[in-house]
Amino acid sequence: MLCNRMKQFREYNGLAIENLAQVLGISPDKYIALEEGKETPNIELIEKMAFCYKVTVNEFYGYTPHLAVYDSSMQDPTDEVDDKLLKMSNLSWDEAQLILYYRNLENKEDLINQILNKMKEQE
């Protein structure tokens, strides 16, 4: 269902409803109604959402399983959220969540050291 895809993409990218609604040019209440399936988005809005997530409309609907990481060199009207825009990929959901967690860490070196120490202990 399209409303589920909307929620999945928004949550996957860590976007607040208010920010995404602003980028799409609609009210937060309208976006909530769309995500809850109470209203159906028109094709123009679907195209805007696909553009925001750097996917095709088919990918947005879930027809294509291939993913690629967002390319920040691409021009985008959503500058305030461009760091968080990722496409779906062939990574599992757990793998994608782990990557997003890592990207959002302030001190990546500590995590890397912890992982390396655990690996040494297992040897």
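Residues Asn4 and Gln8 form no side-chain contact, since every pair of their non-hydrogen atoms from C-beta on lies 4.5 Å or further apart.
Taking CG of Asn19 as the reference point, atom CG of Asn13 lies at 12.5 Å (rounded to 0.5 Å). Taking CG from Leu111 and CD from Glu106, the interatomic distance works out to 13.5 Å, rounded to the nearest 0.5 Å. Note that CE of Met119 and CD of Glu123 are 7.0 Å apart. Values are rounded to the nearest 0.5 Å. One finds the CD1 atom of Ile26 at 5.0 Å from the CG atom of Leu34 (value rounded to the nearest 0.5 Å). Between the CG atom of Leu45 and the CD atom of Glu39 there is a distance of 10.0 Å, given to the nearest 0.5 Å. In this structure, CD in Glu44 is found 13.0 Å from CG in Leu24, a value given to the nearest 0.5 Å.
Closest approach of Leu2 and Pro41 over heavy atoms only: CD2-CG, 3.5 Å. Shortest non-hydrogen contact noted between Cys3 and Gly37 is CB-N, 3.7 Å.
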How far apart are the C-alpha atoms of Leu15 and Val23, what are their side-chain angles, what is the distance that settles it, and do they pass the side-chain contact (heavy atoms from CB on, under 4.5 Å) test? CA-CA 11 Å; Leu15 299 173; Val23 168; over 6 Å; no
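Between Phe60 and Tyr53, the ring planes lie parallel to each other; the angle is under 30°, not in the 30° to 60° tilted range.
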